[in-house]
Amino acid sequence: MCNARAHLEEQISRQDLSDSEKFQQYMIYLKYEQSSGDPGRVQLLYERAITDFPVSSDLWLDYTQYLDKTLKVGNVVRDVYSRATKNCPWVGELWVRSLLSLERSRASEEEISTVFEKSLLCAFSTFEEYLDLFLTRIDGLRRRILFSGEVEGVLDYSLIRETFQRASDYLSEQMKNTDGLLRLYAYWAHLEQSMGKDMVSARGVWERLLKISGAMLEAWQSYISMEIELDHINEARSIYKRCYSKRFTGTGSEDICHAWLRFEREYGTLEDFDHSVQKVTPRLEELRLFRSQQESKSLPESADQKEHSVKKTGREKRKSDSNISYEQSPAKRQKHAPQKPKKVHDKEKRQVQNLAEENEGRETKQTVEEQPKKQPIKDAVPGRTKGFTDECTAFLSNINLKATYEDLRRFFSDVGGVSSIRILHDKFTGKSRVSFFL
C-alpha cells in the first residue's frame, strides 16, 4: 500500500504533466484513497486537489458529494460549500446542495435565506437551474413548517406563497409552455389547497397558468385531475366545456374530446353523457376534415419531391454514363474510328491524295468547341505540311485546369498532323474536366 501511495504521489508531483493529465492522476489517487476507507486522508487529498484546481466544478461537486455521504459534520461541510459557491458561483447544483446541507445541519432560517438570496444573484446557464433552486427553497420551507417543533422559531405559509410568486414572476415568460413551469404551478396549487387550505387560491393558480400556457394540453388535464381528486365533479366538467374546442398540438384536440366522454361515462349522468356527445361529435368531425385537408396538401408536395428526386437521379445517371464513355478502353474507341491502312508505306502515298479532301470536309468533322479557323498545323520541317484524316484519336488527361485550345495547339505544333482538339467540359458547371481528345 505504501508503494502504491508513493507511486501515486510521484505521478501528481510530476512537472511535465498537463493540467488535464494531472487532474486525471488526482482522480485516480482519490479513488484509491476512498477504497482504503480513511475519510481523513480522502479529505486531505481533496483539499490538495482543490488547491491546484480551484475553479473545477466537477471536483467541487465530487468533493461535496463525498462529504454529504461520509463526513456529515455540519461546520466542516458548511465551510466547504461556502468555498465551492464562491469559486464556482455559476453552478446551480452547488447552491442547491448547499441549501440542503444547511437544512441538514439545522441552520437558522436567516442563514438559509441569506444563501438563497445570494444564489439568485448568480448567472446560471439555464432557467431550469433557477427553477431547481426555487423548488429546493420551497421544499425546505414546507418541511420546516410541517415540523416546526424541531427547529427554532415558527414559519408561516405566506413565506411559501411569496417564494412561489417570485418564481412565477421570474420564470413565467422564459419557460412558457414547458413542463418545468407546469411542475412549478402544479406544486403551488397543491400547497395552496393542502397547506393553505384555500381552494379559491388553488384555482387561481391554475387560472394564472392557463393565461400563460393555455396551449398546453397537460395544463388543462392537470387542472381537471385536481378537481376530480377533490371530488369536485361539476368544476371538472366546466373545465372540459371550456377546453374541448381549443386547438392543441398533435392529437391533443382529439384526446381532450375523448377524455371528456370517458369522464362523463365514469362520473356523469346519462343526460351529461348525451350532452358531451352532442358537443364533441361535431368537433371530432371538424378535426377529421382538417386532418384530411392537411394530408391532401402534403401529398402533392411529396409527389413533387419524388419527381424532383427521380429527375436528379436521371441526371446523375446520364452524367455517370458520360464519364464512363470518356473512359472507354482504346480498343473500344478504335472500333468506331476509321480503319488504318494495312501497310505503313501506303500512308505516305495517301497523304497527298487526301489533303484536298481533308481541307474540304474539315468543318464537318470538327466539334463546336474548336476555334472558327482551323488550318493544317505546320510540321517541324519548314515548307512541309502534313494532312491527316481522323484515322487515329488519342485521349489525354491531367492537363492544367486553365489550359485553352491555343495552349494545346501551341504545345503540339512541333508534332504536326493534329487536325482536331476537343477539350471535355462539365455539362453543368462548364469547367474543364482536365482531359481532351486529340
Side-chain angles (χ1 to χ4, degrees), residues 96 99-100 103 108-110 112-113 116-117 119-120 127-128 130-244 246 256 259-260 263-264 266-268 272:
V96 169
L99 291 174
L100 294 175
E103 186 180 354
S108 64
E109 170 60 24
E110 182 180 358
I112 295 177
S113 177
F116 175 69
E117 294 299 331
S119 67
L120 294 180
F127 286 101
E128 283 73 13
Y130 288 100
L131 174 63
D132 196 17
L133 195 62
F134 276 109
L135 292 176
T136 302
R137 171 62 171 162
I138 293 168
D139 292 341
L141 289 172
R142 178 187 60 81
R143 288 188 289 262
R144 293 164 73 84
I145 291 174
L146 292 177
F147 306 100
S148 58
E150 300 180 9
V151 296
E152 181 182 355
V154 179
L155 301 175
D156 187 75
Y157 177 74
S158 60
L159 186 57
I160 292 181
R161 183 180 290 124
E162 179 185 349
T163 306
F164 270 121
Q165 185 65 47
R166 293 179 63 186
S168 174
D169 295 340
Y170 192 82
L171 300 174
S172 292
E173 290 300 322
Q174 287 77 15
M175 301 187 68
K176 184 184 297 184
N177 296 324
T178 61
D179 293 335
L181 190 64
L182 174 60
R183 176 187 170 194
L184 176 68
Y185 274 85
Y187 191 17
W188 187 1
H190 170 70
L191 292 186
E192 287 286 355
Q193 182 270 328
S194 61
M195 294 184 65
K197 307 300 180 181
D198 189 348
M199 195 61 202
V200 175
S201 297
R203 291 192 178 106
V205 170
W206 283 114
E207 293 296 335
R208 181 173 179 176
L209 175 63
L210 294 178
K211 291 180 180 179
I212 301 171
S213 303
M216 284 188 67
L217 174 63
E218 295 80 3
W220 292 93
Q221 290 176 330
S222 299
Y223 189 7
I224 294 171
S225 297
M226 185 196 73
E227 297 289 1
I228 294 176
E229 289 175 0
L230 298 174
D231 202 25
H232 298 161
I233 304 303
N234 290 331
E235 287 75 6
R237 181 178 293 113
S238 65
I239 299 173
Y240 273 120
K241 291 179 180 179
R242 290 169 56 190
C243 67
Y244 84 96
K246 291 185 176 294
I256 198 65
W260 187 12
F263 168 80
E264 295 298 352
E266 297 173 5
Y267 299 98
D272 294 328

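The analysis underlying the following values was restricted to heavy atoms, covering all of them including side chains, and did not include hydrogens, waters or symmetry mates.
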Item to check | salt bridge (charged side-chain N to carboxylate O under 4.0 Å, His left out) evaluation trace for R137 with E109 | outcome: CA-CA 11 Å; R137 171 62 171 162; E109 170 60 24; 2.5 Å; yes
Checklist entry - Got a sec, which residues hit side-chain contact (heavy atoms from CB on, under 4.5 Å) with E173, two or more places apart in sequence or on another chain? => result K176
Item to check | Residue list, ring-ring contact (aromatic ring centres under 6.0 Å, His included) with Y170, at least two apart or on another chain | outcome: Y130
Checklist outcome for this item: Between I138 and I160, the two heavy atoms sitting closest are CG2-CG2, 4.1 Å
Checklist entry - When rounded to the nearest 0.5 angstrom, what distance separates CD in E264 from OH in Y240? => result 9.0 Å
Checklist entry - Considering residues at least two apart in sequence or located in another chain, which fulfil the salt bridge (charged side-chain N to carboxylate O under 4.0 Å, His left out) criterion with D198? => result none
Checklist entry - In chain order, what residues pass the side-chain contact (heavy atoms from CB on, under 4.5 Å) check against S194, with sequence neighbours excluded? => result H190, L191
Checklist entry - With sequence neighbours excluded, what pairs up with Y187 under the ring-ring contact (aromatic ring centres under 6.0 Å, His included) test? => result F164
Checklist entry - Does anything in residues 179-197 pair up under salt bridge (charged side-chain N to carboxylate O under 4.0 Å, His left out), and if so which pairs, sequence neighbours excluded? => result R161-E192
Next on the checklist: My understanding is that only residues two or more places apart in sequence, or in another chain, count here; which of them pass ring-ring contact (aromatic ring centres under 6.0 Å, His included) with Y267?
Outcome noted: F263
Checklist entry - With R166, which residues qualify under side chain to side chain donor-acceptor pair (under 3.5 Å), at least two apart? => result E117
Checklist entry - Do you know the tightest heavy-atom contact between S213 and N177? => result OG-N, 3.0 Å
Checklist entry - Taking only residues two or more places apart in sequence, or in another chain, which ones meet Q165 in a side-chain contact (heavy atoms from CB on, under 4.5 Å)? => result D169, W188, R208
Item to check | L209 versus A219, closest heavy-atom pair with distance | outcome: CD2-CB, 4.0 Å
Next on the checklist: According to salt bridge (charged side-chain N to carboxylate O under 4.0 Å, His left out), does anything in residues 212-229 pair up with another residue at least two apart or in another chain? List the pairs.
Outcome noted: R203-E227
Checklist entry - Which residues satisfy the salt bridge (charged side-chain N to carboxylate O under 4.0 Å, His left out) test with E162, sequence neighbours excluded? => result none
Next on the checklist: Using the side-chain contact (heavy atoms from CB on, under 4.5 Å) criterion, which residues pair with A186? Sequence neighbours excluded.
Outcome noted: W206
Checklist entry - Under the 3.5 angstrom rule, does the side chain of S119 hit a backbone N or O of F116 as a donor-acceptor pair? => result yes
Next on the checklist: So L181 and M216, do their side chains get closer than 4.5 Å, heavy atoms only?
Outcome noted: no
